[in-house]
Undergrad: 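Here you go, one structure.
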Amino acid sequence: MRTIKLQESWLSRLQDQFDQQYMLKLREFLLTRKQHRAVIYPPGPQIFNALNSTPFEQVRVVILGQDPYHGPGQAHGLCFSVLPGVRIPPSLANIYREIQSDLGIVPPSHGNLQSWADQGVLLLNAVLTVERGQAGSHQGKGWEVFTDAVVQSLTDGREGLVFMLWGSYAQKKGAVIDRRKHLVLKAPHPSPLSAHRGFFGCKHFSRANEYLRQHQHAPIDWSLH
């Protein structure tokens, strides 16, 4: 992990995290798993893709996920996103369905959310690695502490951001967000198990853009061409 490059605006705020005991233990854990020939997703250069794609000063919206997809070729460091050519996961299909209902945008044929990240949507998972075929296999190893520091730096160091917290896990992680400075939008998770309990119809995408306009930020183009 020492060789992984982190975008400068984030590194300047998170540098101290890499010297803390939890991160040293996490690094040792990942090295040990690799020595045991574990297949870890996403590939090393993409672990910090969310932060590298969306510099600190450019963040306008934050979407919090839980951990990466654990199937081959799926995870590339942006929550809910998969590379072109990979089947669109059910939760992302439901996100597209809500965007179509909310904004009239026809769903794309792919699941790559990179253009959102490039516009200032931080697509951050709480846990940044996983092992092939083992959902949640790297939970509780230290990543949550690191991503808590990311959320804290945003709530403290920025104003007028939109945080989309889908499901109880994301809502718990977002408890530190200062509601006086930022808009916090909550809904059930877009998973097929829970989307019908209030994710559909939440209108988070239009509400986010309205808030951004009110705070003199450009709205997000949620279409994915």
Side-chain angles (χ1 to χ4, degrees), residues 1-56 58-59 62-87 89 91-92 111-114 116-118 121-157 167 169-170 172-176 189:
M1 284 167 58
R2 285 187 190 283
T3 59
I4 292 177
K5 295 207 168 20
L6 189 58
Q7 200 273 337
E8 181 53 44
S9 68
W10 287 109
L11 187 60
S12 64
R13 290 167 174 85
L14 301 168
Q15 179 79 59
D16 62 322
Q17 299 294 317
F18 290 93
D19 298 320
Q20 292 190 24
Q21 194 63 35
Y22 83 87
M23 186 60 82
L24 300 177
K25 286 184 177 179
L26 173 58
R27 183 182 289 127
E28 184 64 32
F29 167 75
L30 292 173
L31 286 171
T32 300
R33 294 306 301 140
K34 284 183 178 179
Q35 286 166 1
H36 285 84
R37 302 193 183 282
V39 178
I40 296 174
Y41 299 136
Q46 296 177 351
I47 290 173
F48 294 109
N49 196 16
L51 300 176
N52 291 335
S53 295
T54 314
F56 181 85
Q58 294 176 23
V59 175
V62 181
I63 297 177
L64 291 181
Q66 192 158 354
D67 57 354
Y69 297 121
H70 54 85
Q74 289 183 303
H76 66 117
L78 305 178
C79 72
F80 294 106
S81 181
V82 292
L83 290 170
V86 178
R87 181 175 164 272
S91 291
L92 181 55
N112 188 359
L113 306 182
Q114 185 68 47
W116 291 359
D118 294 341
V121 181
L122 182 65
L123 296 164
L124 183 69
N125 276 316
V127 179
L128 300 188
T129 55
V130 72
E131 290 180 28
R132 180 172 61 188
Q134 299 180 52
S137 49
H138 288 188
Q139 290 180 10
K141 304 298 183 183
W143 279 128
E144 294 92 340
V145 182
F146 178 77
T147 52
D148 280 349
V150 172
V151 174
Q152 192 71 58
S153 70
L154 286 166
T155 188
D156 291 346
Y169 185 93
K172 185 177 178 184
K173 192 170 187 69
V176 300
H189 195 276

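Please read all numbers here as calculations on a predicted model, not as lab measurements.
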Undergrad: Find the distance between CG (Leu11) and CG (Leu51) and round it off to the nearest 0.5 Å.
TA: 10.5 Å

Undergrad: For Ile63 and Val121: C-alpha separation, side-chain torsions, deciding distance, then whether side-chain contact (heavy atoms from CB on, under 4.5 Å) applies.
TA: CA-CA 7 Å; Ile63 297 177; Val121 181; 3.9 Å; yes

Undergrad: Quick check: does any side chain N or O of Thr155 sit under 3.5 Å from a backbone N or O of Val151, one acting as donor and the other as acceptor?
TA: no

Undergrad: Using every non-hydrogen atom in the two residues, find where Gln139 and Val127 come nearest and quote the distance to one decimal.
TA: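 Closest heavy-atom pair between Gln139 and Val127: CG-CG2, 3.9 Å.
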
Undergrad: Got a donor-acceptor contact below 3.5 angstrom from the Gln74 side chain to the Gly71 backbone?
TA: yes

Undergrad: Could you state the interatomic distance from CG (Leu64) to NZ (Lys172), rounded to the nearest 0.5 Å?
TA: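 Here the interatomic distance stands at 14.0 Å.
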
Undergrad: Can you confirm if the aromatic rings of His76 and Phe48 lie within a centre distance of less than 6.0 Å?
TA: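 No.
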
Undergrad: Does any non-hydrogen side-chain atom of Tyr69 lie less than 4.5 Å from one of Pro42?
TA: no

Undergrad: Run the side-chain contact (heavy atoms from CB on, under 4.5 Å) test on Trp116 and Leu78 for me, step by step, so that the C-alpha distance in whole Å, both residues' side-chain angles and the decisive distance to 0.1 Å come before the verdict.
TA: CA-CA 10 Å; Trp116 291 359; Leu78 305 178; over 6 Å; no

Undergrad: How are the rings of Phe80 and His189 set relative to one another: parallel (under 30°), tilted (30 to 60°) or perpendicular (over 60°)?
TA: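 The arrangement is tilted - the two ring planes meet at 30° to 60°.
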
Undergrad: To the nearest 0.5 Å, tell me how far Gln35 CD sits from Leu30 CG.
TA: 11.0 Å

Undergrad: Is there a side-chain hydrogen bond (donor to acceptor under 3.5 Å, both in side chains) between Gln114 and Asp118? Walk through the geometry before answering.
TA: CA-CA 6 Å; Gln114 185 68 47; Asp118 294 341; 3.0 Å; yes

Undergrad: Just so I know, are the side chains of Leu154 and Val62 near enough to count as touching, which here means a heavy-atom distance under 4.5 Å?
TA: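 A side-chain contact exists here, since the closest heavy-atom pair is under 4.5 Å.
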
Undergrad: What pair of heavy atoms forms the shortest contact from Thr147 to Glu144, and how long is it?
TA: OG1-O, 3.3 Å

Undergrad: Rounded to the nearest 0.5 Å, how far does CZ of Arg33 lie from NZ of Lys141?
TA: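 If I round to the nearest 0.5 Å, the distance is 9.0 Å.
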
Undergrad: Can you name the nearest heavy-atom pair linking Ala117 to Thr54, along with the distance?
TA: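 Between these two residues, the closest heavy atoms are O-OG1, 2.8 Å.
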
Undergrad: Quick check: do Ile47 and Thr129 have side-chain heavy atoms less than 4.5 Å from each other?
TA: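 Yes, side chains in contact.
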
Undergrad: Do Asp148 and Gln152 meet the criterion of a side-chain donor-acceptor pair at a distance under 3.5 Å?
TA: no

Undergrad: Measuring only between side-chain heavy atoms, which start at C-beta, is Arg132 closer than 4.5 Å to Tyr41?
TA: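 Side-chain contact under 4.5 Å: yes.
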
Undergrad: With a 4.5 Å limit on heavy-atom distance, are the side chains of His138 and Ile40 in contact?
TA: yes

Undergrad: Under the criterion side-chain contact (heavy atoms from CB on, under 4.5 Å), I'd like the reasoning laid out for Leu26 against Phe146: C-alpha separation, chi angles, the key distance, then a yes or no.
TA: CA-CA 10 Å; Leu26 173 58; Phe146 178 77; 5.9 Å; no

Undergrad: Side-chain contact, heavy-atom cut-off 4.5 Å: Leu24 with Phe29?
TA: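 No, every pair of side-chain atoms sits at 4.5 Å or beyond.
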
Undergrad: If you take all heavy atoms of Asn52 and Gln7, which pair is closest and at what distance?
TA: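 Closest approach of Asn52 to Gln7, heavy atoms only: OD1-N, 2.7 Å.
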
Undergrad: Considering only heavy atoms from C-beta outward, does the side chain of Gln17 approach that of Tyr22 to under 4.5 Å?
TA: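 They are in contact (side-chain heavy atoms under 4.5 Å apart), so the answer is yes.
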
Undergrad: Going through the distances and angles, do Leu92 and Leu113 end up as a side-chain contact (heavy atoms from CB on, under 4.5 Å)?
TA: CA-CA 10 Å; Leu92 181 55; Leu113 306 182; 4.0 Å; yes

Undergrad: For Asn125 versus Cys79, what's the shortest heavy-atom pair and its separation?
TA: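 Taking Asn125 first and Cys79 second, the nearest heavy atoms are OD1-CB, 3.2 Å.
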
Undergrad: Hey, are the side chains of Pro68 and Leu128 touching, using non-hydrogen atoms and a 4.5 Å cut-off?
TA: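 No. Closest side-chain heavy atoms not under 4.5 Å.
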
Undergrad: Given 3.5 Å as the limit, does a donor-acceptor pair link the side chain of Ser53 with the main chain of Ala50, or not?
TA: no

Undergrad: Can you name the nearest heavy-atom pair linking Phe56 to Ser9, along with the distance?
TA: N-OG, 3.0 Å

